[in-house]
Amino acid sequence: MRGTNQSVSEFLLLGLSRQPQQQRLLFLLFLIMYLATVLGNLLIILAISTDSRLHTPMYFFLSNLSLVDICFSSTTVPKMLANHILGTQTISFSGCLTQMYFLFGLTDMDNFLLAVMAYDRFVAVCHPLHYTTKMTHRLCVLLVVGSWVIANLNALLHTLLMARLSFCADNAIPHFFCDVTLLLRLSCSDTHLNELMILTEGALIMITPFVCILASYIHITCAVLRVPSARGRWKAFSTCSCHLAVVSLFYGTIIAVYFNPSSSHSAEKDTAATVLYTVVTPMLNPFIYSLRNRDLKGALRKAVGGRIGSY
């Protein structure tokens with residue numbers, strides 16, 4: 001059946017709570033987190049673009065990750081905030097598909113960029129003398145552009161598969177955005193093809209970068225353990241610690257939501273984990289990367305100080 005045949009023209013996003021007092025608290029909390037996400041990631045992009053010392057592959061990938069994180073939060077949170085202000089819960093069918101498209105694409109981009117950054121750290125730690133010849137600007141651009149192409153093609157595939165389904169009666173989504181698993185449960189069409197593609201092609205898109213990250217860190221760990229001095233080992237490991245923290249946060253929450261046995265699932269746990277990787281993780285990334293990074297902290301102070309001083 002084609003998307004034009006469905007009787008449901010809009011969905012209801014029930015949000016995280018139905019109690020007015022909790023809704024007001026959640027509105028304020030999400031507004032603060034969204035503003036922190038946008039401001040923090042914009043500052044990272046500004047610092048990297050204005051400081052020539054940070055024009056290196058690692059920071060090039062980090063600036064792209066910050067851009068993706070801004071877009072990722074902007075896909076879901078503004079709609080939730082707008083619905084609260086307007087006193088509505090509706091989202092159109094086309095709006096739901098659009099939101100799902102960007103969620104798929106941007107989740108894939110996060111995934112790919114974390115893998116590319118792991119490879120960058122692998123080359124920096126394991127092949128430091130060949131770093132500049134291996135991690136050329138051309139290769140970095142190709143890796144990012146290739147990631148965008150694959151992410152968008154994957155998002156388009158799953159969005160088109162969703163558009164062919166029919167939604168007959170129940171249109172209430174117990175979440176603050178159009179989650180693909182919840183949409184499949186609401187459909188009155190045969191969803192086997194959608195589920196098959198998620199479990200095969202979708203899983204391949206997620207698992208392949210994860211395996212690349214694991215392989216990179218296995219090689220990095222072996223290289224670090226061969227360093228004779230404790231100070232040298234700590235210095236080598238500290239270059240990867242921020243990335244490793246972000247990887248753990250990103251994959252930990254996704255695994256908690258999508259790869260746990262169904263018997264251990266509960267709506268509250270799934271919602272909490274989803275909020276972590278869609279809202280909290282993009283907000284924390286700038287703090288994680290700037291907390292222990294002296295060069296980035298210096299560039300941030302310079303960028304912010306320079307902007308304030310110019311007024």
Trainee: Heavy atoms only: give me the nearest T159-M100 pair and the separation to one decimal.
Mentor: CA-CE, 3.5 Å
Trainee: Are more than 12 heavy atoms from other residues, nucleotides or ligands located less than 6.0 Å from atom CZ of F102?
Mentor: no
Trainee: What are the two closest non-hydrogen atoms of A245 and I288, and how far apart are they?
Mentor: CB-CG2, 4.0 Å
Trainee: Rounded to the nearest 0.5 Å, how far apart are OG1 of T281 and CG of L249?
Mentor: 3.5 Å
Trainee: To the nearest 0.5 Å, what is the distance between CZ (F61) and CG (L114)?
Mentor: 12.0 Å
Trainee: Without swapping roles, check the side chain of S92 against the backbone of G95 for a donor-acceptor pair under 3.5 Å.
Mentor: yes
Trainee: Please answer: with hydrophobic residues joined when any side-chain heavy atoms are less than 4.5 Å apart, are L161 and L97 in the same cluster?
Mentor: no
Trainee: Would you name the heavy atoms of S73 and P78 that are closest together and state the gap between them?
Mentor: O-CD, 3.4 Å
Trainee: Are M80 and L12 linked, directly or through other ILVMFWY residues, by side chains that come within less than 4.5 angstrom of each other?
Mentor: no
Trainee: Establish whether L157 and L204 are linked, either directly or via other cluster members, by ILVMFWY side-chain heavy-atom contacts under 4.5 Å.
Mentor: no
Trainee: For L46, does its backbone N or O pair with a side-chain atom of S49 as donor and acceptor, under 3.5 Å?
Mentor: yes
Trainee: Would you check if the side chain of Q99 reaches a backbone N or O of T75 as a donor-acceptor pair within less than 3.5 Å?
Mentor: yes
Trainee: Would you say L67 ends up clustered with L42 if hydrophobic residues are merged whenever their side chains have heavy atoms under 4.5 Å apart, either directly or through other cluster members?
Mentor: yes
Trainee: Without swapping roles, check the side chain of H175 against the backbone of L13 for a donor-acceptor pair under 3.5 Å.
Mentor: no
Trainee: Considering non-hydrogen atoms only, spot the tightest contact between A172 and L14 and give its length.
Mentor: CB-CD1, 4.0 Å
Trainee: Just verifying a value: how many Å separate N171 CG and I91 CD1, rounded to the nearest 0.5 Å?
Mentor: 12.0 Å
Trainee: Under a 3.5 Å distance rule, please check whether S187 uses its side chain to pair with a backbone N or O of F167 as donor and acceptor.
Mentor: no
Trainee: Mind running side-chain contact (heavy atoms from CB on, under 4.5 Å) on R164 and L193 for me, showing each step along the way?
Mentor: CA-CA 11 Å; R164 57 184 276 281; L193 181 58; 4.3 Å; yes
Trainee: Would H84 and F176 count as a ring-ring contact (aromatic ring centres under 6.0 Å, His included) if you check the C-alpha gap in whole Å, the side-chain angles of each, and the deciding distance to 0.1 Å?
Mentor: CA-CA 11 Å; H84 180 83; F176 67 97; over 10 Å; no
Trainee: Do F72 and L103 make a side-chain contact, defined as non-hydrogen atoms from C-beta onward lying under 4.5 Å apart?
Mentor: yes
Trainee: Do V77 and F177 come within less than 4.5 Å of each other through their side chains, counting heavy atoms only?
Mentor: no
Trainee: Go through it in stages, so that I can follow the logic: the residues are I44 and Y59, the test is side-chain contact (heavy atoms from CB on, under 4.5 Å), and I'd like the CA-CA distance, side-chain angles, deciding distance and then a yes or no.
Mentor: CA-CA 9 Å; I44 293 285; Y59 292 109; over 6 Å; no
Trainee: Could you pull out all donor-acceptor pairs under 3.5 Å where a side-chain atom in residues 138-154 meets a protein atom, sequence neighbours excluded?
Mentor:
| unit_1 | atom_1 | unit_2 | atom_2 | d |
| --- | --- | --- | --- | --- |
| S147 | OG | L143 | O | 2.7 |
| N152 | OD1 | Y101 | OH | 2.7 |
| N152 | ND2 | W148 | O | 2.7 |
| N154 | OD1 | H158 | NE2 | 3.3 |
| N154 | ND2 | D108 | OD2 | 2.5 |

Trainee: Measuring from atom CG of D179 to atom OG1 of T76, what distance do you get when rounded to the nearest 0.5 angstrom?
Mentor: 11.0 Å
Trainee: Could you check whether any side-chain heavy atom of V116 comes within less than 4.5 Å of a side-chain heavy atom of N64, counting everything from C-beta outward?
Mentor: no
Trainee: At their closest point, which heavy atom of C126 faces which heavy atom of A223, and how far apart are they?
Mentor: SG-CB, 3.8 Å
Trainee: Kindly compute the distance separating CE (M109) from CG (D69), expressed to the nearest 0.5 Å.
Mentor: 10.5 Å
Trainee: Over 60° means perpendicular and under 30° means parallel, so tell me whether H219 and F122 are parallel, tilted or perpendicular.
Mentor: perpendicular
Trainee: Quick one: does F11's side chain get under 4.5 Å of L183's, heavy atoms only?
Mentor: yes
Trainee: Show every salt bridge (Lys or Arg N to Asp or Glu O under 4.0 Å) that has at least one partner inside residues 48-58, sequence neighbours left out.
Mentor: D51-R53
Trainee: To the nearest 0.5 angstrom, please state how far the CG atom of L165 sits from the CG atom of N194.
Mentor: 4.5 Å
Trainee: Is there a continuous path of hydrophobic side-chain contacts, each under 4.5 Å between heavy atoms, that joins I48 to L39?
Mentor: yes
Trainee: What are the two closest heavy atoms between I45 and S66, and how far apart are they?
Mentor: CG1-CB, 3.8 Å
Trainee: Is there a side-chain contact between M162 and L184 (heavy atoms, below 4.5 Å)?
Mentor: yes
Trainee: Please list, one pair per line, the donor and acceptor atoms closer than 3.5 Å that link side chains of residues 26-38 to other protein atoms, with sequence neighbours excluded.
Mentor:
| unit_1 | atom_1 | unit_2 | atom_2 | d |
| --- | --- | --- | --- | --- |
| Y34 | OH | S74 | OG | 2.8 |
| T37 | OG1 | M33 | O | 2.7 |

Trainee: Is the gap between the ring centers of H243 and Y217 under 6.0 Å?
Mentor: yes
